[in-house]
Structures are given as structure tokens and as C-alpha cells.
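Bear in mind that the values here come from a model prediction, so they are computed numbers and not experimental data.
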Amino acid sequence: NKQYYLNLYTKELKEYCLPFWLKYGVDEKYGGLLNCLDKKGEIYSFDKSVWMQGRCGYMYSYVYNNIEKKPEYLALAKSCIKFLDDHCFDSDGRMYFLVTRSGEPIRKRRYFFSETFYIMACIEYYAATKEEEYLLKARKVYDMVYAIYLDPKNDPFQIFPKVYASTRSLKAMSIICLSMFSSQLLTRFGCDVKQILPDTDYIFMTILRWLTIVAVGMVVVTPWFGTKHIKLILPVFALAIGILNLVFLEKNMLMWGKGR
């Protein structure tokens, strides 16, 4: 029942989730959000995840814009963004990943999780307040992230690679997902951005691999457990997957050879 689940999740969000963080997570002393809480709201660490400050800034701004215009939602979002501005940028323009309660840096990482959540927070807060400075902040950080995406040599934070691509070429999808979402948010407000797009060949071949595995599995089990209709459809499905694998054989072998 669609309405049942809509009511259920709305109630959970408005009566439990949002009030929980407002009651236990707001840092009245230093600003931002205390994000290491157990289910009772008790703090087990005062360290703050920088990306969580951005996520909170985005989510409470979004809730304010789309669900319920409570001033406390926008106040928490602003507090998180201010904490990020005041404490979470290094001198090279990159952001930290983890800081102390008061904002002293603990950890900084090569990927830009913190930056993408900061972009989201600023854009959604701008949508609520129409304060131009937040859109400009988002665009400035986005341009830096995009430059790094195009060429890691543009990253002012140069450290040794996490893995050696020459040995095993891997493709992380989380950064692409976050970056694409940041791009979409910016385009809502007329910003002409060059969107960060995924490696479509990689995505296509990954899907094809999984379809091949499914086809092989169905071929194995269908003679014993398949219905009459499945037994009729299976040969066509398996043939189509086989043809796709042959058509893209060279590309598929190249990706397997690279360990992708």
C-alpha cells in the first residue's frame, strides 16, 4: 500500500529522525553537529566527520524547502555550513575529512567526499534563503573538484596513490555519484556546469557481466525448477546475452585483463 508506507516514513522522519538530531546532536558550544551518537542519543566520540556536517546542512535545508518550514531546521543547516567554513578548509583549498569538536584537523583524504557534501549543503541552503554567497561558495568548490576529476595533477593535496592502477585498474563509483548529484543541484539554479559523468563503457560492461552470470545460473537451475513460460523465454534471453558478449568481446577481455 503506497499511502501506508508514505505515512510510515513521513512519521518516522518528522517525529523521530529529525527531532533526534536536533535534541542530541546540535553542538551549542562550537557549532555544527555531533554525529557520533548511539540510539539513546549518548555521545561516544566528540570527533566530527566533515562530510557529515555537509550532509546535515544539505538534509535540513532540503527538509525546510520541501517538507516543513521550521526555523530550527534552517538554523542547524546554517550552523553546519558555518562550522565547515570556519574550521574545515585547509590552506590549499581542500577540506579535511575528520576534525575535533572545536575544528582542529585530524584526518585529510585524497578523495573529495567532504567537498561534494559541502557543495550540496550550500546549494540547498541557497535555495532556502536566496543568499547569493552560498551559491558562489558551491560553485567555487565545484570547479576545484571538477578540475581534480579531470586530472589528479590539479589536486593541491598531492599524496601517494591509494592503489597502483598499473597493477589493478579500479573504478570507484561513490565519488562519481556524489559529483553527478552536485552537478544536478547546480543546474537547478542556472549554473552552466560541465557535469562529471561516469565511465559509461565500464558501467555497461559491468551490467553485461552480471546479466551473463544470471543467464548461466538460469540455464543451470531452470530444467529442474523453471516454469513452462520461463523454459520458453530462457533460450532467447541466453542467446541475446551471448550475442552481446560476442559483440563486445574485445572490450570485455580488455577490462578483465585490467582487473576491472
Side-chain angles (χ1 to χ4, degrees), residues 31-33 48-62 64-66 74 77-99 103 105-163 165 170-203:
L33 186 79
K48 292 175 177 174
S49 296
V50 174
W51 60 268
M52 185 63 179
Q53 307 301 311
R55 174 179 282 181
C56 181
Y58 167 74
M59 287 304 303
Y60 275 89
S61 295
Y62 181 88
Y64 179 88
N65 289 332
N66 297 279
L74 209 55
K78 183 175 183 178
S79 177
C80 288
I81 296 173
K82 187 177 187 306
F83 184 86
L84 291 170
D85 285 333
D86 291 347
H87 304 291
C88 299
F89 281 90
D90 199 353
S91 57
D92 62 5
R94 289 296 308 274
M95 298 184 75
Y96 302 118
F97 187 80
L98 186 70
V99 297
I106 296 175
R107 186 180 305 144
K108 182 179 175 183
R109 289 184 169 174
R110 60 180 64 76
Y111 46 74
F112 36 82
F113 271 31
S114 299
E115 286 84 351
T116 51
F117 279 110
Y118 175 81
I119 295 166
M120 295 176 201
C122 287
I123 297 170
E124 200 64 43
Y125 188 79
Y126 165 76
T129 65
K130 297 299 183 289
E131 295 179 31
E132 192 77 16
E133 64 175 297
Y134 291 94
L135 187 59
L136 295 175
K137 289 177 182 179
R139 183 55 194 262
K140 179 181 178 181
V141 176
Y142 179 89
D143 287 344
M144 178 188 66
V145 166
Y146 184 69
I148 296 170
Y149 174 80
L150 290 179
D151 187 350
K153 292 179 181 178
N154 293 323
D155 191 345
F157 184 49
Q158 291 290 332
I159 57 174
F160 58 86
K162 186 174 183 179
V163 296
L170 303 173
K171 177 69 69 172
M173 302 305 294
S174 54
I175 284 294
I176 293 175
C177 291
L178 291 170
S179 302
M180 288 177 68
F181 188 59
S182 300
S183 303
Q184 292 168 354
L185 288 176
L186 277 169
T187 56
R188 280 171 50 194
F189 300 102
C191 292
D192 181 20
V193 299
K194 296 179 179 180
Q195 296 196 26
I196 296 176
L197 300 175
D199 182 341
T200 52
D201 286 344
Y202 173 76
I203 293 176

(message) Quick one, F83 and K48 - any side-chain contact, counting heavy atoms below 4.5 Å?
(response) yes

(request) Apply ring pair (Phe, Tyr, Trp, His ring centres under 6.0 Å) to Y96 and list each qualifying residue two or more places apart in sequence or on a separate chain. (result) none

(request) Heavy atoms only: give me the nearest F89-D85 pair and the separation to one decimal. (result) CE1-OD1, 4.0 Å

(message) Could you check whether any side-chain heavy atom of I81 comes within less than 4.5 Å of a side-chain heavy atom of Y134, counting everything from C-beta outward?
(response) yes

(request) State which residues pass side chain to side chain contact (heavy atoms under 4.5 Å, CB included) with P156; sequence neighbours excluded, sorted by chain then number. (result) D92, R94, I148

(message) A side-chain contact here means heavy atoms from C-beta on lying under 4.5 Å apart; do H87 and V99 qualify?
(response) no

(request) Count the heavy atoms belonging to other residues, nucleotides or ligands that lie under 6.0 Å from NZ of K78, then report whether that count exceeds 12. (result) no

(message) Within this structure, what is the CD-CG distance for the pair E133 and L135, rounded to the nearest 0.5 Å?
(response) 11.0 Å

(request) Hey, could you give me the SG/CZ distance between C80 and R55, rounded to the nearest 0.5 Å? (result) 12.5 Å

Identify all side-chain donor-acceptor contacts of residues 124-132 below 3.5 Å with residues at least two apart in sequence or on another chain.
from: E124; atom 1: OE1; to: R188; atom 2: NH1; distance (Å): 3.1
from: E124; atom 1: OE2; to: N65; atom 2: ND2; distance (Å): 2.9
from: T129; atom 1: OG1; to: Y125; atom 2: O; distance (Å): 3.0
from: T129; atom 1: OG1; to: E131; atom 2: N; distance (Å): 3.2
from: K130; atom 1: NZ; to: A127; atom 2: O; distance (Å): 2.7

(request) Could you list the residues that satisfy side chain to side chain contact (heavy atoms under 4.5 Å, CB included) with N154, not counting sequence neighbours? (result) A147, D151

(request) Kindly compute the distance separating CZ (R139) from OH (Y146), expressed to the nearest 0.5 Å. (result) 10.5 Å

(request) Identify, with sequence neighbours excluded, every residue that meets side chain to side chain donor-acceptor pair (under 3.5 Å) alongside K140. (result) none

(request) Find the distance between OG (S61) and CD1 (I123) and round it off to the nearest 0.5 Å. (result) 11.0 Å

(request) Quick one: sort the F113 and F117 rings into parallel, tilted or perpendicular, breaks at 30° and 60°. (result) perpendicular

(request) Determine whether Y118 and V145 make a side-chain contact, defined as any pair of heavy atoms from C-beta on separated by less than 4.5 Å. (result) no

(message) Tell me whether the rings of Y111 and F97 are parallel (<30°), tilted (30 to 60°) or perpendicular (>60°).
(response) perpendicular

(message) On a heavy-atom basis, which atom in M144 and which in E115 lie closest, and how many Å separate them?
(response) CE-CG, 3.9 Å

(request) Please identify each residue that fulfils side chain to side chain contact (heavy atoms under 4.5 Å, CB included) with S79, with sequence neighbours left out. (result) none

